[in-house]
Peer 1: 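My questions all concern the structure below.
Start at 1 and go down the list; that is how both ligands and their atoms are numbered. Predicted model, so just to flag it, every value in this text is computed and none were measured.
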Amino acid sequence: FVTGKKKATEVAHAVWRSIVRKGDVVVDATCGNGNDTLALLKMVADERGQGRVYGMDIQDSAIESTSSFLKMAVDNDQQQELVKLFPVCHSRMEEIVPKDTPARLVAFNLGYLPGGDKTLITVPRTTELALQAASRILSSGGLISVLVYIGHPGGRDELNVVESFASSLPADAWASCKLQMVNRPIAPVLILLNKKDLFQ
Ligand code: SAM
């Protein structure tokens, strides 16, 4: 799935599709304009009305944008109800995702809201707290996916925090990897953290 023509988000979606199944619980930790939320909804929604996407964003305007995008893109009311949106910091995801339904995927698309205020960006401290929370709510076999943009001020600091979290995970329980274009130095970096299913 890695070709020069694909956008980083499409590459991320292809990876998600290899892990996520109909009926799964997933988290969009940075809803923004709702593109990832919609992609996730399509992956989890099944005919029996199961599957859940818990979406969050620190900006009310992003939650409103995601909500209206989903209303436009999804004509099935029952499917729309599978998405639960919260205007909160993603470091609080444990207050949102019910403890009895571990998440199969927690997706982060860091940086600023496209078309929005570029000063309202994800920051290393809360990103780190959110990654810790994500690691606790993830199911065995599940994936934390982090798309990190490094072209804006602060982007590389955030990459350092994500990489240091990824490398601190014990290798017997986690597989951490990094996908990066080596001939495009400021292209986004995709970090994938797979919680091993120790019973398989
Ligand atoms: N996934 C989005 C999409 O498909 O349109 C794009 C996300 S955008 C690159 C990053 C988003 O992270 C912004 O909307 C921003 O408001 C949000 N954000 C920044 N800090 C946050 C935080 N602490 N908790 C949750 N969201 C945050």
Side-chain angles (χ1 to χ4, degrees), residues 6-17 19-20 26-45 52-74 79-80 82-97 103-138 143-162 165 179 186-192:
K6 280 218 173 7
K7 287 201 276 179
T9 47
E10 293 176 289
V11 175
H13 292 185
V15 176
W16 302 352
R17 269 192 290 276
I19 297 268
V20 175
V26 295
V27 175
D28 183 350
T30 49
C31 287
N33 291 321
N35 301 292
D36 293 325
T37 319
L38 175 63
L40 288 169
L41 175 60
K42 288 184 177 160
M43 290 177 215
V44 302
R52 277 280 177 289
V53 184
Y54 293 100
M56 53 212 77
D57 199 292
I58 198 87
Q59 296 188 63
D60 290 345
S61 59
I63 292 297
E64 282 156 22
S65 171
T66 296
S67 176
S68 40
F69 178 60
L70 292 175
K71 280 198 185 95
M72 198 184 62
V74 182
Q79 260 191 28
Q80 276 184 32
L82 302 181
V83 180
K84 309 290 176 200
L85 297 174
F86 299 86
V88 297
C89 175
H90 41 214
S91 59
R92 295 175 55 196
M93 67 178 77
E94 283 164 295
E95 296 168 32
I96 289 167
V97 180
R104 183 81 175 151
L105 174 80
V106 181
F108 294 83
N109 188 337
L110 301 178
Y112 54 83
L113 178 65
D117 183 344
K118 291 189 178 170
T119 62
L120 290 171
I121 56 172
T122 52
V123 291
R125 181 65 192 136
T126 42
T127 298
E128 187 181 22
L129 291 172
L131 287 169
Q132 290 164 355
S135 70
R136 292 189 289 263
I137 66 162
L138 203 70
L143 182 77
I144 301 174
S145 164
V146 195
L147 192 56
V148 194
Y149 296 85
I150 52 180
H152 63 275
R156 282 194 189 273
D157 296 337
E158 205 162 29
L159 178 63
N160 288 340
V161 161
V162 177
F165 177 79
L179 206 55
I186 59 161
V189 178
L190 181 61
I191 309 268
L192 298 165

Peer 1: Which residue supplies the protein heavy atom nearest to atom 24 (N) of ligand 1, what is that atom called, and how far is it?
Peer 2: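 Protein heavy atom at minimum distance: His90 N, 2.9 Å.
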Peer 1: Taking 4.0 angstrom as the limit and counting only heavy atoms of Gly34, give me the atoms of ligand 1 inside it, by number and element.
Peer 2: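 Reading through ligand 1 atom by atom, the close ones are 3 (C), 5 (O).
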Peer 1: May I ask you to list the atoms of ligand 1 that are less than 4.0 angstrom from any heavy atom of Cys31?
Peer 2: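 This gives 1 (N), 2 (C), 3 (C), 4 (O), 5 (O) as the contact atoms.
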Peer 1: Just need the protein heavy atom nearest to atom 8 (S) of ligand 1, so name the residue and atom and give the distance.
Peer 2: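 So the nearest neighbour among protein heavy atoms is Tyr112 O, 3.3 Å.
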Peer 1: Ignoring hydrogens and angles, state whether a donor on the side chain of Ser65 or Asn33 is under 3.5 Å from an acceptor on the partner side chain.
Peer 2: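 Asn33 and Ser65 do have a side-chain donor-acceptor pair below 3.5 Å.
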Peer 1: Take every heavy atom of Ala107, measure it against each atom of ligand 1, and state whether any distance is under 4.0 Å.
Peer 2: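 Contact check Ala107 vs ligand 1: negative.
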Peer 1: Other residues, nucleotides and ligands only: do more than 12 of their heavy atoms fall within 6.0 Å of CD1 on Ile186?
Peer 2: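 Open: at most 12 neighbouring heavy atoms sit under 6.0 Å from CD1 of Ile186.
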Peer 1: Please check if the number of heavy atoms outside Tyr112 that lie under 6.0 Å from its OH is greater than 12.
Peer 2: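 It does not: Tyr112 OH has 12 such atoms or fewer within range.
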Peer 1: Is a side-chain donor or acceptor of Arg104 paired with a backbone partner of Ile19 at a separation under 3.5 angstrom?
Peer 2: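 At least one qualifying donor-acceptor pair exists.
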Peer 1: Check ligand 1 against Ala29 and write out every atom of the ligand that is under 4.0 Å from a heavy-atom position of the residue.
Peer 2: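 Close to Ala29: 25 (C), 26 (N).
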Peer 1: Report the part of Leu110 in contact with ligand 1, treating N, CA, C, O as backbone and CB onward as side chain, heavy atoms under 4.0 Å; options are side chain, backbone, both, neither.
Peer 2: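 Answer for Leu110: backbone.
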Peer 1: Closer than 4.0 Å to some heavy atom of Cys89 - which atoms of ligand 1 meet that?
Peer 2: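 Close to Cys89: 23 (N), 24 (N).
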Peer 1: Report, as yes or no, whether the 6.0 Å neighbourhood of atom NZ on Lys84 holds more than 12 heavy atoms from other residues, nucleotides or ligands.
Peer 2: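 Buried by this count: over 12 neighbours within 6.0 Å.
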Peer 1: For atom 4 (O) of ligand 1, what's the nearest protein heavy-atom neighbour? Residue, atom name and distance, please.
Peer 2: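 Scanning the protein heavy atoms, the shortest distance from atom 4 (O) of ligand 1 goes to Asp36 N, 3.0 Å.
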Peer 1: Of the protein's non-hydrogen atoms, which lies at the shortest distance from atom 26 (N) of ligand 1, and what is that distance?
Peer 2: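 That would be Ile58 N, 3.2 Å.
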Peer 1: Heavy-atom contacts with Gln59 under 4.0 Å: which atoms of ligand 1 show up? List them by number with element.
Peer 2: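 With Gln59 as reference, the close atoms of ligand 1 come out as 15 (C), 16 (O).
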Peer 1: So does Val53 get a backbone contact from the side chain of Asp28, meaning a donor-acceptor N/O pair under 3.5 Å?
Peer 2: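 Judged by distance alone, no pair lies under 3.5 Å.
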Peer 1: Evaluating non-hydrogen atoms only, which member of Thr30, Asp57, Asn109, Asn35 is closest to atom 13 (C) of ligand 1?
Peer 2: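 That would be Asp57.
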Peer 1: I'd like to know if the side chain of Thr66 reaches the main chain of Ile63, judged simply by a donor and an acceptor atom lying under 3.5 Å from each other, with no hydrogens or angles considered.
Peer 2: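 No, the answer is negative, given that no donor and acceptor are paired below the 3.5 Å cut-off.
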Peer 1: To the nearest 0.5 Å, tell me how far His13 NE2 sits from Asp36 CG.
Peer 2: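 His13 NE2 to Asp36 CG: 4.0 Å, rounded to 0.5 Å.
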Peer 1: Does Leu38 come within less than 4.0 Å of ligand 1, judged by its heavy atoms?
Peer 2: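 No.
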Peer 1: Which atoms of ligand 1 have any heavy atom of Thr122 under 4.0 Å away?
Peer 2: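 Within the 4.0 Å cut-off of Thr122, ligand 1 contributes 12 (O), 18 (N), 19 (C), 20 (N), 21 (C).
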Peer 1: Please check this pair: side chain of Glu128 against backbone of Val161, looking for a donor-acceptor N/O pair closer than 3.5 Å.
Peer 2: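 No; judged by distance alone, with no hydrogens or angles, the pair does not exist.
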Peer 1: Using only atom types and a distance under 3.5 Å, with no angle test, would you say the side chain of Ser145 pairs donor to acceptor with the backbone of Leu192?
Peer 2: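 The answer is no, because no donor-acceptor pair under 3.5 Å joins these two groups.
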Peer 1: Just need the protein heavy atom nearest to atom 5 (O) of ligand 1, so name the residue and atom and give the distance.
Peer 2: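 So the nearest neighbour among protein heavy atoms is Asn33 N, 3.0 Å.
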